[in-house]
Amino acid sequence: MAGTITLRKSAAGTPVRLATGESTAVRWLLIGISLTFLTLFLFLPLAAVFVEAFRKGVGAYLQSFNDPAAYAAIRLTLLVTAIALPLNLVFGLAASWAIGKFEFRGKQLLITLIDLPFAVSPVISGLIYVLLYGIHGWFGPWLAERGIQVIFAVPGIVLATIFVTFPFIAREVIPLMQEQGTEEEQAAITLGASGWQTFFRVTLPNVKWAVLYGVILCNARAMGEFGAVSVVSGHIRGKTNTMPLHVEILYNEYNFVAAFAVASLLALLALVTLVLKSLIEWRTRVQHDQEEPS
Amino acid sequence: MAIRIKQPSVLPGFGLTLGYTIFYLSVIVLIPLSAMFIRAGSLGLGELWEVITSPRVLAAYKLTFGASLVGALLNAVFGFLVAWVLVRYTFPGKRIVDAAVDLPFAMPTAVSGIALVAVYSPSGWIGRYLEPLGIKAAYTPLGVTIALTFIGLPFVVRTLQPALEDLEAEVEEAAASLGATRWQTLRYVIIPTVLPAMLTGFTLAFARAVGEYGSVVFISGNLPMKTEIVPLLIITKLEQYDYAGATALGATMLVISFAILLTINVLQWWSTRHKRGA
């Protein structure tokens, strides 16, 4: 890790020789093409969200939030995230402890299965729960008899959200725990620490940045998930609409300012996520450099 | 115990954590996914075949895979360029650009969807200049391709960046001292070395694009036979209570996704072996 960073620094810092670099003109041409491409595909759409939200002024923007349905959508999104995130956090820590600290058969298969939700289309992530808990699903009639509604209700939205964010924390923490080995934990146990003490005082501090990184990504996806939630939500205004679904409804009603206003909150969340993500990446890089000075 | 599953360790908690992992994985992922396959299996081959070969479904497959392929190819080319520029050159705002590459990951897909319409619709920021040229971006297959390119970009850039950083300067110097032009070095030395990473990124972008829903539905216009993607067709079938049709489509899509995932794993295995051999 440290080596590659040094390479990057020297490549950037020293004047480039033509034999193994490009002339200034070519360099700026390539930078120009890249930036044009990124502007067309990334920066313009991002700017469009905020410009469209404020198209009719700050007053109209703020007025968009003076709507009980918008509040209900924000509340539901926060609620769903507040359930899905801790569950996936506990799972991520349990999975990484089992996989990172022990050797057992079938480990590679288990890691592949944990990554599985990433390969599944969001729409299918919703569909599978409809097939299980919907009225025509396996458990549907049984649940209906007891008056429990999962699909087109909050539990279905929570399940679909858990599914799409399932691997986020686990996949950040597992490789790190594997890399760090078990020496420190063995020492702690030998010195008389209990399993929980070892985990909270030795293991967790070592992986805290990876955990935080996973939590941030998991949070962004949980709040922003659209496809999977759309399938199981039933789109009941004020009841089962999360923020992204509320954006869709407003947009389809040609209420563009309100749609982009709610969207701007989600875009802001995305930006904060990117900043935090970059900060953590920068921090771990600095830490790495300090540990292995080059 | 005839077969020892776990190697001995002094650390506690193996049974608890592995047990919980498998339980949670089963409840959330494995049981629901297998439920879909069991239901698709109970349809019978005839019915399954009928669903997945109806003209409307075939048109949706053609659009989904075609647009995903074009998007992934665009990303392979421009993603390489972006990764190259970010690894090799310095320019003002580089760190912001580097962080912004992840925007399609972080941005909720519905937000990306309506934002892309605002930019590419006939009255949009760029769309209004394309319209006089006779190019209709939004509500056409081109619009679908634009959305799928947007969504796939980070995959290619993020898999190529470390590969480009790992390139050893000596190899390029050797090529140059043997009389290779810069272009020849790129063509015969650099690209072959980062090809496994490029293919992995391409495949990841393609896989993501095939299943994508949120960023596409707004810009596509959703005309059956013309601009309807497979994930939308699944939702349409669900809304019409055609559970059999939705299941059949979902199961075939998933089989294809798994095949793609398998390809990625083979590619990664191939590239690590490649590296070790070198």
Side-chain angles (χ1 to χ4, degrees), chain A residues 4 7-8 11-12 19-20 27 30-31 33-34 37 41-42 44-45 48-49 52 91 94-95 97-98 101-105 113 116-117 119 121-124 127-129 131-132 136 138 162-163 166 182 185-186 189 195 220 224 226-227 231 244 247-248 251 259 263 266-267 270 273-274 278, chain B residues 5-7 9-14 17-18 20-21 24-25 28-29 32-33 35-36 39 78 81-82 85 88-91 99-100 102-103 106-112 114-116 118-119 125 149-150 153 165-166 172-173 176 182 211 213-214 231 234-235 243 246-247 250 253-254 257 261:
Chain A
T4 60
L7 188 76
R8 217 209 311 204
T20 53
R27 250 187 293 165
L30 295 180
I31 292 172
I33 297 172
S34 297
F37 178 77
F41 281 93
L42 298 186
L44 279 183
V49 175
E52 296 294 322
F91 161 73
W97 179 263
K101 303 296 177 193
F102 299 94
E103 290 305 322
F104 57 93
R105 278 158 180 269
L113 289 176
L116 208 54
S121 164
V123 170
I124 296 174
L127 171 69
I128 54 177
Y129 291 107
L131 294 177
L132 268 190
H136 303 285
W138 280 4
I162 291 177
F163 182 94
F166 185 85
T182 57
E185 282 81 5
Q186 282 177 1
I189 297 282
F226 176 68
V231 174
V247 168
E248 184 196 23
Y251 190 84
L266 290 167
T273 304
L274 287 186
S278 303
Chain B
I5 292 175
K6 167 192 160 242
Q7 284 176 20
S9 165
V10 295
L11 298 185
F14 177 71
T17 51
L18 187 69
Y20 182 70
T21 301
Y24 191 73
L25 179 72
I28 299 292
V29 179
L33 277 180
M36 184 175 69
R39 271 187 92 128
F78 287 99
L81 196 62
V82 171
V85 163
R88 291 293 173 100
Y89 308 150
T90 43
F91 53 92
D102 279 328
L103 197 65
M107 191 97 119
T109 53
V111 179
S112 314
I114 62 172
L116 286 169
V119 174
W125 293 13
T149 308
F150 168 85
L153 176 71
E165 279 169 8
D166 280 349
E172 284 174 60
E173 281 162 12
R182 198 62 193 140
Y213 174 71
I234 294 178
I235 289 196
Y243 283 64
T247 310
M253 280 278 285
L254 210 52
S257 301
L261 194 73

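By convention in this document, chain letters (A, B, ...) are assigned in the order of the sequence lines, proteins followed by strands, and residues within each chain are numbered from 1.
- The side-chain heavy atoms of A/F41 and B/L153, taken from C-beta on, include no pair separated by under 4.5 Å.
- Ranking B/W125, B/F91, B/Y20, B/F150 against chain A, the residue ahead of the rest is B/W125, based on heavy-atom pairs under 4.5 Å.
- Put simply, the side chain of B/L11 reaches to within 4.5 Å of the side chain of A/F102, judged on heavy atoms.
- Using a 4.5 Å cut-off between heavy atoms, A/F91 touches chain B through backbone and side chain atoms alike.
- For a residue to count as touching a neighbouring chain, one of its non-hydrogen atoms must lie under 4.5 Å from one of that chain's; by this rule B/F14 touches chain A with backbone and side chain alike.
- When side chains are defined from C-beta on, A/W97 counts as touching A/E185, because their heavy atoms get closer than 4.5 Å.
- No side-chain heavy atom of B/F78 sits under 4.5 Å from any side-chain heavy atom of B/T149.
- Most heavy-atom pairs under 4.5 Å with chain A, from the set B/G13, B/A115, B/S257, B/A118: that is B/A115.
- A/L116 touches chain B through its side chain: at least one heavy atom from C-beta onward sits under 4.5 Å away, while N, CA, C and O do not.
- Between A/F226 and B/Y213, the gap from one ring centroid to the other is short of 6.0 Å.
- With respect to chain A, the highest number of heavy-atom pairs below 4.5 Å among B/M253, B/M107, B/R39 belongs to B/R39.
- Heavy atoms of A/E248 lying under 4.5 Å from chain B belong to its backbone as well as its side chain.
- Between chain A and the residues B/I114, B/L33, B/I234, the largest count of heavy-atom pairs under 4.5 Å involves B/I114.
- In terms of heavy-atom pairs under 4.5 angstrom with chain A, the leader among B/S9, B/S112, B/A35, B/A246 is B/A35.
- Using a 4.5 Å heavy-atom cutoff, the side chains of A/F163 and A/I124 are not in contact.
- Note: A/I31 CD1 to B/R88 CZ = 13.0 Å, rounded to the nearest 0.5 Å.
- In this structure, B/V29 and A/P117 have side chains that are in contact, with non-hydrogen atoms separated by less than 4.5 Å.
- Heavy atoms of A/L132 lying under 4.5 Å from chain B belong exclusively to its side chain.
- The greatest number of non-hydrogen atom pairs below 4.5 Å with chain B, out of A/P244, A/A263, A/G195, is found for A/A263.
- In terms of heavy-atom pairs under 4.5 Å with chain B, the best-connected choice from A/L266, A/I189, A/V49, A/T273 is A/L266.
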